[in-house]
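This report refers to the structure that appears directly beneath it.
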Amino acid sequence: MSPCRYLKFRNRSIAESLAVVKSSLDPQRDFRDSMVEMIVENNIRSSKELEDLLACYLSLNSNQYHDLIIKAFEQIWLDMTNLRLGKFPDGRE
């Protein structure tokens, strides 16, 4: 089964959506922003759900972008971990 099967975007299943080609000056930031939007839209909280999200992005995008996707995902994971620990992304507590 697709790792994207449970994810929705704007109330539509990812499986029902069309992929679009996008030109970007900062693709890592665009992947990060997109993932954050998906996390909020799907109320993703658990490690398993986050891993499924990563698998979805990797399956939908070319290998040439996998390193950027992983870097964006790591940044989100760290930010979410820090928020759970009561730390802000800028280092404040």
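The structure presented is a predicted model; accordingly, all values stated were derived computationally and were not measured. What you see below is based on every heavy atom in this structure, not just the backbone, and it leaves out hydrogens, waters and symmetry mates.
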- prompt: If only atom types and distance count, is the side chain of T81 paired as donor or acceptor with the main-chain N or O of W77 below 3.5 Å?
  reply: yes
ask   = Under 3.5 Å, is there a donor-acceptor pair between the side chain of S62 and the main chain of Y65?
value = no
Side chains of M38 and L53, heavy atoms from C-beta outward: is any pair under 4.5 Å? yes
Check whether any side-chain heavy atom of M35 sits under 4.5 Å from a side-chain heavy atom of I69, and report yes or no. yes
When every non-hydrogen atom of M80 is compared with those of I44, the smallest separation belongs to CE-O, 4.0 Å
Taken to the nearest 0.5 Å, the spacing of L83 CG from D79 CG works out to 6.5 Å
- Can you find a heavy atom in the side chain of N61 that is under 4.5 Å from one in the side chain of F31? yes
For the residue pair K48 and D52, establish whether any side-chain heavy-atom pair is separated by less than 4.5 Å. yes
(request) Give a yes or no on whether the backbone of E37 and the side-chain of E41 come within a donor-acceptor separation of less than 3.5 Å. (result) no
_Please check this pair: side chain of H66 against backbone of Y57, looking for a donor-acceptor N/O pair closer than 3.5 Å._
no
